[in-house]
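Note that the coordinates shown come from a computational prediction; the quantities given were computed from them, not determined experimentally. When a ligand or atom number is given, it counts from 1 through the structure's own listing order.
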Amino acid sequence: MIWADREAKRLKERNLPLEWADDMKTPSGRIHVGSLRGVIVHDLIYKALKDISVNAKFSYVFNDMDPMDGMPSYLDANKWGEYMGMPLYKIPSPEPGFKSFADYFASEFIEVFNSINCHPQIIWSSELHRAGKMNEVIKLILDKADIVRNIYKKVVKKERSLNWFPYNPICEKCGKISTTNVHKWDGKYVYYRCEPKMVEWAEGCDYEGKVEPINENGKLVWKLDWPAHWKVIGVTIESSGKDHMSSGGSYDMGIHFCKEVLGTVAPDALGGYEWFTIGGKKMSSSKGIGSSAKEVSQILPPDLLRFLLVRTPIKTHLDFDPIGDTIPNLFDDYDRCLNAYFLKIENNLPKDKAGEVTEDYARIIELSEVNPLPKARLYIPRFRTIVNLLKAKNNNLLSFFETQKSSFAKASKDKEEKLSTEEKTILEERIKYAKIYLEKYSQEKTELIKTEKFIASDLQKEFSLQSIKRLKCLNSKDNKEQIQQAIFESIKSSGIKPKEAFEVIYQTLIGKSFGPKIGELVLNIGFDKSLELLRSGSSNQLPITKNNFTYPDFTDKKIFSIDEAVAQKYPSINIGIAVIKNINIKKTNSDLINEINKFVSEQSHLSNEVISSYPEVLTYRKLYKEMGIDWHSRRPSPEALLRRISQKKDLYQINTCVDAYNLIVMKNRVSVGAFDYDKFNFPTLMRFPKDGEEILLLGDKEPLKFKPTEIAYFDQNGGYNIDFNYRDAQRTCVTEQTKNILLNIDGIYDIDRKKVEKSLQESIDIILKYCGGTVEFAGVVPATQK
Ligand SMILES: [Zn+2]
């Protein structure tokens with residue numbers, strides 16, 4: 001069962017005559033895509049409630065009486081500066097055709113959420129005020145100002161003086177609302193002064209006056225404005241992002257205000273929801289990728305955008321980085337769920353455990369509906385295929401897919417050999433978005449953007465030159481600490497901000513704005529090569545690097561390689577590899593246990609549904625399916641570890657090496673294996689098993705016969721790990737006696753080289769932290785050398 005249905009079931013039990021879900025936003029500029037998360041969360045709970053016959057409503061409030069408190073970068077500050085501090089609904093619209101500034105930006109956002117099938121009742125806060133609907137609650141709060149002050153004192157330890165009142169009138173002289181300070185309330189009037197220096201971004205006019213706190217004359221401060229709206233509208237469900245959900249935050253305060261001032265109960269917040277970001281925070285307009293709701297809605301068809309939001313459980317951070325394979329993968333995921341939906345309407349859902357998952361997928365499609373869902377199975381052209389055909393300049397996509405359709409028709413019960421109108425519409429839509437994708441977000445395009453974009457500032461150049469000088473003076477070229485030290489000294493002596501210093505280093509060395517520890521990085525790239533790159537960076541002639549990877553390709557076949565047959569069948573494989581020597585493994589370490597416990601304590605949201613939504617978990621399951629292994633009976637290690645946490649079972653304690661890298665496995669959900677280097681008969685390789693080969697797994701009494709289709713690691717004596725890190729062999733396992741280890745990190749499909757390198761880096765770091773030792777080499781073996 002997916003989260004919305006589960007929450008709806010829980011809410012149904014409180015038996016309210018009406019459940020009213022509500023969300024809010026201040027339209028102070030172009031609305032960020034992250035705000036769509038709130039809209040979807042409430043839309044889903046609303047629809048899930050209706051589905052189980054609960055009387056429900058859904059509204060969206062625009063807080064258009066809030067002041068303009070920041071200058072959007074796309075507006076001319078000279079022209080718009082005079083409106084700072086004024087309520088948004090009184091500021092003119094940047095474009096003709098809208099009632100106000102608030103109306104303009106809210107309308108853009110409404111258009112986006114309407115397009116993904118969210119149709120809440122729109123409520124303008126200014127209209128509630130104008131109609132006098134807020135009057136009573138404002139008076140109630142002013143009358144009980146002493147209780148309000150006490151709540152501030154009790155909950156957030158903030159002392160409010162006796163002449164503080166939680167209300168801002170609109171200044172009768174200058175029209176600002178953010179500069180007025182009420183110092184008296186006599187039961188009919190509030191007495192205020194328009195303070196010249198109350199806020200930094202707007203200047204008050206020094207006017208003193210009195211006004212009745214009714215209608216459009218002003219509004220409550222935010223922390224009281226929110227619960228006042230709940231009461232006036234009758235809201236019973238309102239979730240919000242985690243910034244409002246912390247202890248002492250707006251919601252927490254709201255609970256007190258409801259109970260102790262308004263005599264109401266705060267709405268159910270569903271525990272709050274996690275963020276929706278685009279490419280982390282690093283990427284916004286700077287890389288040519290916008291992040292307003294409107295811009296993001298233009299790169300995906302509405303049903304796909306909705307699907308992206310619907311399938312992510314409420315407590316899971318959703319980060320959408322449109323660069324590279326993300327969009328084709330999203331389409332594949334959509335198609336997979338759509339197939340589940342077809343199975344459901346055909347009454348063909350599997351009966352076993354897998355059936356539950358399939359049913360959840362089908363439900364996700366039902367809740368992702370934008371246009372009416374098909375009534376029967378359709379032939380759906382694969383997005384990735386369209387992309388590839390367009391890349392190959394194939395101009396006759398229609399006839400290509402007509403052929404595909406005809407073989408689809410032969411294989412299924414579909415009698416129609418030609419594409420139906422519905423299928424053609426889908427094809428055309430996918431072609432449209434494939435063109436946008438190729439134009440803006442495919443790997444080839446974005447590589448170009450990256451290398452073109454970064455230009456070092458003068459100070460960054462100066463810092464690079466100083467770093468080069470210091471590095472050249474080092475007496476050893478392979479001492480990480482010394483390298484690190486030289487960089488820090490250069491930061492100090494050049495007076496640059498550390499953030500800018502790191503930016504120029506990472507940009508020049510790996511073409512990214514962040515990366516691993518500098519010492520480590522320089523050694524991985526090579527000391528001399530790093531100097532050369534820094535030198536070209538300091539003169540702004542950035543080398544066009546062939547790739548942006550931190551670790552080199554590892555090519556020593558005497559140590560490890562991937563067999564040709566495996567590489568051909570699974571060209572997306574990337575194996576991270578490292579040898580760490582002279583380590584010291586102990587039974588346990590209390591700092592490590594604390595670190596693990598901390599991670600576990602942060603996983604209270606973990607459920608099978610959450611685990612099944614992780615792309616890495618889906619990736620390994622996909623591989624298992626390819627290999628003919630049932631992932632219900634053999635769980636890849638990240639999934640197995642996370643399931644133990646979700647089922648409240650203790651994690652196994654093995655030793656300080658295994659426990660340490662298992663923490664990284666759980667954090668990144670990427671498989672890592674460590675093996676006793678001295679037990680190997682080199683070379684090792686990844687290959688398909690030969691007939692009759694067996695492996696004695698750790699903890700087993702009898703050896704297990706390999707299937708010929710499963711991928712495994714072998715040395716010259718036999719297998720040492722099965723199914724891409726499902727389990728290890730006894731003979732090479734890491735114990736407290738182990739001195740030297742070989743690390744393998746398993747990447748395929750969505751777990752691309754970037755992710756493999758991240759896990760490689762973090763596994764090395766944590767092993768060095770808890771077991772010591774030195775890294776002899778580290779690199780990546782891709783199935784296909786570029
Ligand atoms: Zn004023």
Could you tell me if the ring centre of [X] sits under 6.0 Å from that of [Y]?
X	Y	value
Trp226	His244	yes
Phe105	Phe109	no
Trp164	Tyr152	yes

(message) Tell me whether Asp64 is salt-bridged to Lys25, with the criterion being a basic N under 4.0 Å from an acidic carboxylate O.
(response)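 A salt bridge is absent here (no side-chain N lies under 4.0 Å from a carboxylate O).
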(message) Check this for me: does any side-chain nitrogen of one of Asp66 and Lys219 sit under 4.0 Å from a carboxylate oxygen of the other?
(response)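 Between Lys219 and Asp66 there is a salt bridge, with a charged N closer than 4.0 Å to a carboxylate O.
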(request) Provide the tally of protein N/O/S atoms nearer than 2.8 Å to the Zn ion (ligand 1). (result)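 Of the protein's nitrogen, oxygen and sulfur atoms, 4 lie under 2.8 Å from the Zn ion (ligand 1).
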(request) Compute both the distance and the angle, then confirm whether Arg30 meets the cation-pi test with Tyr74: under 6.0 Å from the six-membered ring centre, within 45 degrees of the axis. (result)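 Ring-cation test returns yes.
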